[in-house]
Amino acid sequence: MSEKLTYEREVKSLTESDVDSAISYSRSRAIVGKVAEWRDRKTVGLTVRITSGKAVWYVRRREVTLRLGLLSSSWGFDRRMAGSKLDLETARYIANQIHLAAGRKRNLREFAETLVRLETASEYGNREGHAEIADRFADKNSLWAYRKRVGDTGITWTWKALTQHFLDYQLPKLKGKYRKQYEHYLRLKEFSFINDKLVSQVRLRDLERLRDEIHLNHAFSAVHRAVTQSKKMLSWAWKYKATQSGLDEVQAEWWTRWSFEYKTKKRTHAPTIEEIARTILIAERFRHLADGEHETYPGTIGALWGIALTAQRTGGFLQLRLDRLFDPPTNERKFKGWKIANWTDEEMKGGRDGGRPHSLPLPPEALKILLGYHVESGGKSKWMFTGRDPKKHISQAALNLLMYRLQGRVYDHTVKQKPARKGKPGPKPKPKKERPNLFEIYGIKPWTLHDARRTLTTFLDDQKLGGAASAILGHKMDHDRVDESERMASITEQHYNRSQRIGLKAEAMALWVKTLLAAYEKESRKLDRTSEPRRRAA
């Protein structure tokens, strides 16, 4: 156990001799095991704190204690005491200014830090009163405070300031749901070592070191995103903010040489319709997948059905609300019981042109299944697919987790996942919990929810309805490829059909849903036959 420290406290009118004595006391054996504090009677809160090897100026106030810096000895510079060094006169001046700033409701930590830096750094000179500058930085509503927060020197930008200014420009141009993710890759913790560097002083070696450090801690895709977005940020500054960023004398975009070897894997797998149906079946029948874990929520099963029935992207599809199910724009008998599901451009994924509103006709057979799971989830939420909290819809993560769980790929947070290294001291990790791979047991090749889009496309191409597949999936369509039957639509329906192609989508959806449900019934009978001998044996 460490020895208990003894405290010495004294109040007196400090002199230069006392400052020298405090420094000498900190270097002597007499201070070992002690802490001494000498408070200045002439200045509110100013205190010298003496410990073994160190004598420091503090300002102690009722609401906060502020460290100013080391005592400056009249003996001259001492390498053992390098850092912010303040003599008695300067320490008193700063303490008095802090007292005045408190009356102005300033951020005292910001004020003290800035004033100490200005008083101890010769580079600032006497261009403007130091207290006035510190006051601006400590005013949370001032431009100076903003500059300090984002790392703006007021002359040219640091990397931190460049990041903030670029995000101020770029984020409003992105959809709301992508902004947080975009910002995340430009604010990874690995950027910390260049955040305070001026942009004009950043070199290729700095960027390559940054790339390599990100690579150590993140996936390949994260490195690619961070590098790509950072290069775009530098190019934006060079083209449009050259003077402010300090890149006005840079003749070429040298950072384009900064690269990371990364290739996206092209997905080609498409599950069979039978495999999709079998996946739904095992998800329905094996809701309890592991002890100590929640059963699969009805809303999650409903969402899996929804993706299978429509082949939509999960991000937009899961935002489906009951009040966004509309009656078809026709009274034809064949559309009895149908509803038109609708998503806004904000909810839909888009490329450079942004998302486009999307409508999809849902046949009554599909609606019956989706609404059935909505009722099983509680039936009170505005969202079609809900989990434990009816105020929120099922997330993409929850749906992906279901697919992983069915394949026995769940991460167990209760045990250490890395294997023990030979000879490593300490307790050994618990064994990982085993989960059955239901995909393997029931003969399903691994597939992702996005892969269902390829299955639907292939199926409709074989039925000579390839154009309908693109319309259902929300792909951008060429006006020259509008179906001849739709060109002949009545004037009242032509605009609706030309923009959303409801008639063509409905024809394809009816065929796809019928085929999937037939496969589901067939696979259900097969599953019942294979399970019967097991039940008898049990």
Side-chain angles (χ1 to χ4, degrees), residues 175-181 276 279-290 292-328 335-349 355-406 410 448-450 452-453 472-474 500 505 509 513 516-517 520:
K175 289 185 181 180
K177 62 183 179 181
Y178 296 129
R179 291 172 186 170
K180 186 175 181 180
Q181 185 183 43
I276 295 175
T279 300
I280 296 171
L281 277 164
I282 62 173
E284 288 180 323
R285 299 192 182 194
F286 297 94
R287 298 198 189 188
H288 184 77
L289 293 171
E293 293 182 358
H294 290 293
E295 289 191 354
T296 307
Y297 290 116
T300 309
I301 303 291
L304 178 61
W305 260 112
I307 296 298
L309 290 166
T310 66
Q312 299 300 293
R313 295 184 180 93
T314 54
F317 182 73
L318 295 177
Q319 299 177 67
L320 180 61
R321 302 199 311 257
L322 294 182
D323 62 359
R324 299 283 288 284
L325 294 173
F326 303 105
D327 291 329
F335 286 115
K336 184 179 179 180
W338 286 65
K339 291 289 185 181
I340 308 295
N342 175 262
W343 294 267
T344 66
D345 55 350
E346 276 294 314
E347 293 164 345
M348 294 298 294
K349 179 179 178 180
R356 295 173 297 281
H358 184 54
S359 295
L360 185 66
L362 298 176
E365 299 88 349
L367 284 168
K368 182 179 178 181
I369 294 171
L370 302 187
L371 292 172
Y373 279 105
H374 181 267
V375 171
E376 192 178 339
S377 300
K380 297 180 180 179
S381 175
K382 68 177 182 180
W383 303 105
M384 177 67 84
F385 311 108
T386 58
R388 185 183 304 174
D389 185 354
K391 295 179 180 179
K392 298 178 182 179
H393 61 73
I394 288 291
S395 66
Q396 286 180 266
L399 201 48
N400 289 333
L401 182 60
L402 170 61
M403 295 292 283
Y404 296 151
R405 280 157 58 93
L406 294 175
V410 179
T448 68
L449 296 169
H450 198 81
R453 295 167 68 82
I472 288 172
L473 300 180
Q500 290 295 339
K505 289 179 182 178
M509 281 296 296
V513 169
L516 179 61
L517 293 181
Y520 174 83

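Across all their heavy atoms, Val513 and Glu365 have their closest contact at CG1-CB, 4.4 Å. Here the closest heavy-atom approach between residue Leu360 and residue Lys505 is recorded as CD1-CD, 4.5 Å. Nearest approach of Leu473 to Ala311, heavy atoms of both residues: CD2-O, 3.3 Å. Heavy-atom minimum distance, Leu516 versus Ala308: CD2-O, 3.5 Å. The minimum heavy-atom distance between Leu309 and Ala366, with the atom names listed, is CD1-CB, 3.9 Å. Closest of all the heavy-atom pairs between Leu362 and Thr310 is CD2-CG2, 3.8 Å.
Screening Tyr520, Phe317, Phe385 for a ring pair (Phe, Tyr, Trp, His ring centres under 6.0 Å) involving Trp305 leaves a single residue, Tyr520.
For Phe286, the ring-ring contact (aromatic ring centres under 6.0 Å, His included) criterion is met by Tyr442, not counting sequence neighbours. Applying the side chain to side chain contact (heavy atoms under 4.5 Å, CB included) test to Phe335 and every residue at least two apart in sequence or in another chain returns Pro328, Thr330, Glu332, Trp338, Ala506. Listed by chain and number, the residues in a side chain to side chain donor-acceptor pair (under 3.5 Å) with Asp323 are Arg321 (sequence neighbours excluded). With sequence neighbours left out, Arg179 forms a salt bridge (Lys or Arg N to Asp or Glu O under 4.0 Å) with no residue at all. Every residue meeting the side chain to side chain contact (heavy atoms under 4.5 Å, CB included) condition with Ala398, not counting sequence neighbours, appears here in chain and number order: Ile394, Ser395.
Interatomic distance, Ile307 CD1 to Leu318 CG, rounded to the nearest 0.5 Å: 5.5 Å. Note that OG1 of Thr314 is 11.0 Å distant from CE of Met403, once rounded to the nearest 0.5 Å. Taking CD of Gln319 as the reference point, atom CZ of Arg324 lies at 9.0 Å (rounded to 0.5 Å).
Put simply, the side chain of Leu322 reaches to within 4.5 Å of the side chain of Met384, judged on heavy atoms. Here the side chains of Leu406 and Leu402 are in contact, with some heavy-atom distance below 4.5 Å.
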For a quick test of your reading: what N or O donor-acceptor pairs under 3.5 Å do the side chains of residues 367-377 make, sequence neighbours left out?
unit_1	atom_1	unit_2	atom_2	d
Tyr373	OH	Glu284	OE2	2.5
His374	NE2	Ser381	O	2.9
His374	NE2	Trp383	O	3.1
Glu376	OE2	Arg287	NH1	2.9
Ser377	OG	Gly299	N	3.1
Ser377	OG	Tyr373	O	2.8

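No donor-acceptor distance shorter than 3.5 angstrom exists from the side chain of Lys336 to the backbone of Pro364, with no hydrogens or angles considered.
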